[in-house]
Amino acid sequence: MAVVDDCPHQNVLQKENLTNLVKERYRLLELYCGIGGMRFALDAARIPYEVVAAIDINPVVNTIYQHNFGSQGHYQKNILSFTTDDIENMKLDIITMSPPCQPFTRVGLKKDTEDERSKSFLHILKIINE
């Protein structure tokens, strides 16, 4: 419970009986892992985790990710190939994502869900909710 012990809001956590949510180590899936920004954030927040898988399709950022964290559990893979069973079988606690934002920004073509880059994000949202 080291995470809770150092928390300035420990009394709130205990009062609302949230301390049972704290785990010794969370099982993490990193989608669109890029160079590992979300993982750096978890480290900075001192959240204990084990990476079940880190996925990105971009070979350039994959090289940087592997330099930062090693290659164990890291895959160059298209997120569209994931199934509901894949997600369930990983027995995850946390899923981090940094999907392409260009389809949804105010600058640019503004294609929203019609943009090819949004397909994998919409796919993962669909299978997570199944």
Side-chain angles (χ1 to χ4, degrees):
M1 295 244 291
V3 174
V4 175
D5 291 341
D6 295 343
C7 179
H9 305 292
Q10 182 175 355
N11 59 341
V12 173
L13 290 173
Q14 289 174 342
K15 183 186 278 185
E16 301 199 16
N17 197 23
L18 298 176
T19 54
N20 60 345
L21 298 177
V22 176
K23 291 188 173 187
E24 207 163 297
R25 194 168 277 243
Y26 297 91
R27 293 178 55 81
L28 170 67
L29 170 61
E30 294 181 273
L31 297 174
Y32 313 93
C33 64
I35 63 170
M38 296 296 236
R39 190 167 174 176
F40 278 119
L42 290 172
D43 288 342
R46 297 183 304 164
I47 295 173
Y49 63 87
E50 67 175 296
V51 175
V52 176
I55 312 293
D56 205 296
I57 199 167
N58 184 320
V60 175
V61 299
N62 286 333
T63 300
I64 297 167
Y65 184 97
Q66 290 177 5
H67 172 79
N68 290 336
F69 300 108
S71 60
Q72 183 176 358
H74 182 261
Y75 305 97
Q76 183 169 319
K77 184 175 180 177
N78 189 330
I79 290 171
L80 287 169
S81 67
F82 269 90
T83 66
T84 303
D85 287 341
D86 292 334
I87 300 292
E88 287 176 1
N89 291 336
M90 291 182 190
K91 300 188 184 333
L92 301 166
D93 298 304
I94 300 172
I95 300 174
T96 60
M97 291 187 251
S98 188
C101 64
Q102 297 91 338
F104 308 104
T105 60
R106 289 190 266 169
V107 178
L109 301 177
K110 302 175 190 166
K111 289 185 173 182
D112 200 56
T113 58
E114 300 303 314
D115 192 307
E116 282 293 313
R117 295 170 290 190
S118 68
K119 286 188 180 200
S120 63
F121 179 59
L122 296 172
H123 171 73
I124 206 70
L125 291 178
K126 179 184 174 206
I127 67 171
I128 287 173
N129 286 316
E130 288 182 346

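Computed from a prediction, not measured in an experiment: that's the story for all the values here. The residues of the chain are indexed from 1 along the displayed sequence.
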J.: Find the distance between OH (Y26) and CG (L42) and round it off to the nearest 0.5 Å.
T.: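 Atom-to-atom, Y26:OH and L42:CG are 10.5 Å apart.
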
J.: Grab the two heavy atoms, one from G36 and one from F69, that are nearest each other, plus how far apart they are.
T.: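 Looking at all heavy atoms of both residues, the shortest contact is CA-CE1, 3.7 Å.
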
J.: Just to verify, which of V61, I79, T96 counts as forming a side chain to side chain contact (heavy atoms under 4.5 Å, CB included) with Y32?
T.: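 Single pass found, and it is I79.
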
J.: For T63, enumerate each residue passing the side-chain hydrogen bond (donor to acceptor under 3.5 Å, both in side chains) test, keeping only those at least two apart in sequence or located in another chain.
T.: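 Applying side-chain hydrogen bond (donor to acceptor under 3.5 Å, both in side chains) to T63 gives none.
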
J.: Might you point out which heavy atoms bring P48 and R46 nearest each other, and give the distance in Å?
T.: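 Answer, listing the atom of P48 first, then R46: CD-O, 3.5 Å.
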
J.: Got a second to check how far M97's CE is from M38's CE, nearest 0.5 Å?
T.: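 The CE atom of M38 is 8.5 Å from CE of M97, to the nearest 0.5 Å.
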
J.: Do N62 and Y75 get their side chains close enough for a donor-acceptor pair, meaning under 3.5 Å?
T.: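 There is no such pair between these side chains.
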
J.: Going from CG on L29 to CD1 on I128, what distance comes out if it is rounded to the nearest 0.5 angstrom?
T.: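 Atom-to-atom, L29:CG and I128:CD1 are 8.0 Å apart.
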
J.: Give every residue pair that meets the salt bridge (charged side-chain N to carboxylate O under 4.0 Å, His left out) criterion with at least one member in residues 50-76, sequence neighbours excluded.
T.: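 Qualifying pairs, neighbours excluded: R27-E50.
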
J.: Return the CG to CG distance between L28 and L92, rounded to the nearest 0.5 Å.
T.: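 It comes to 8.0 Å.
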
J.: Are I55 and F82 packed together at the side-chain level, in the sense that at least one heavy-atom pair is separated by less than 4.5 angstrom?
T.: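 In contact.
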
J.: Of all the heavy-atom pairs spanning N78 and L80, show the shortest one and how long it is.
T.: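 For N78 versus L80, the nearest heavy atoms are OD1-N, 2.8 Å.
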
J.: Are more than 12 heavy atoms from other residues, nucleotides or ligands located less than 6.0 Å from atom NZ of K119?
T.: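 Result for NZ/K119: open.
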
J.: To the nearest 0.5 Å, how far apart are CZ in R39 and CD1 in I47?
T.: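 Here the interatomic distance stands at 13.5 Å.
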
J.: Within this structure, what is the CD1-NE2 distance for the pair I127 and H123, rounded to the nearest 0.5 Å?
T.: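 Taking CD1 in I127 and NE2 in H123, the distance rounds to 4.0 Å.
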
J.: Measure from the side-chain N and O atoms of S71 to the backbone N and O of H74, and report whether any donor-acceptor pair falls under 3.5 Å.
T.: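 No: the side chain of S71 does not pair with the backbone of H74.
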
J.: Do the side chains of Q76 and P59 get nearer than 4.5 Å, heavy atoms only?
T.: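 Contact flag for P59/Q76 side chains = yes.
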
J.: Which heavy atom of Y65 sits nearest a heavy atom of G34, and at what distance?
T.: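 That closest heavy-atom pairing would be CB-O, 3.4 Å.
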
J.: Looking at every non-hydrogen atom in both residues, tell me the closest pair between L125 and N129 and how far apart they are.
T.: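 Where L125 meets N129 most closely, the heavy atoms are O-ND2, 2.9 Å.
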
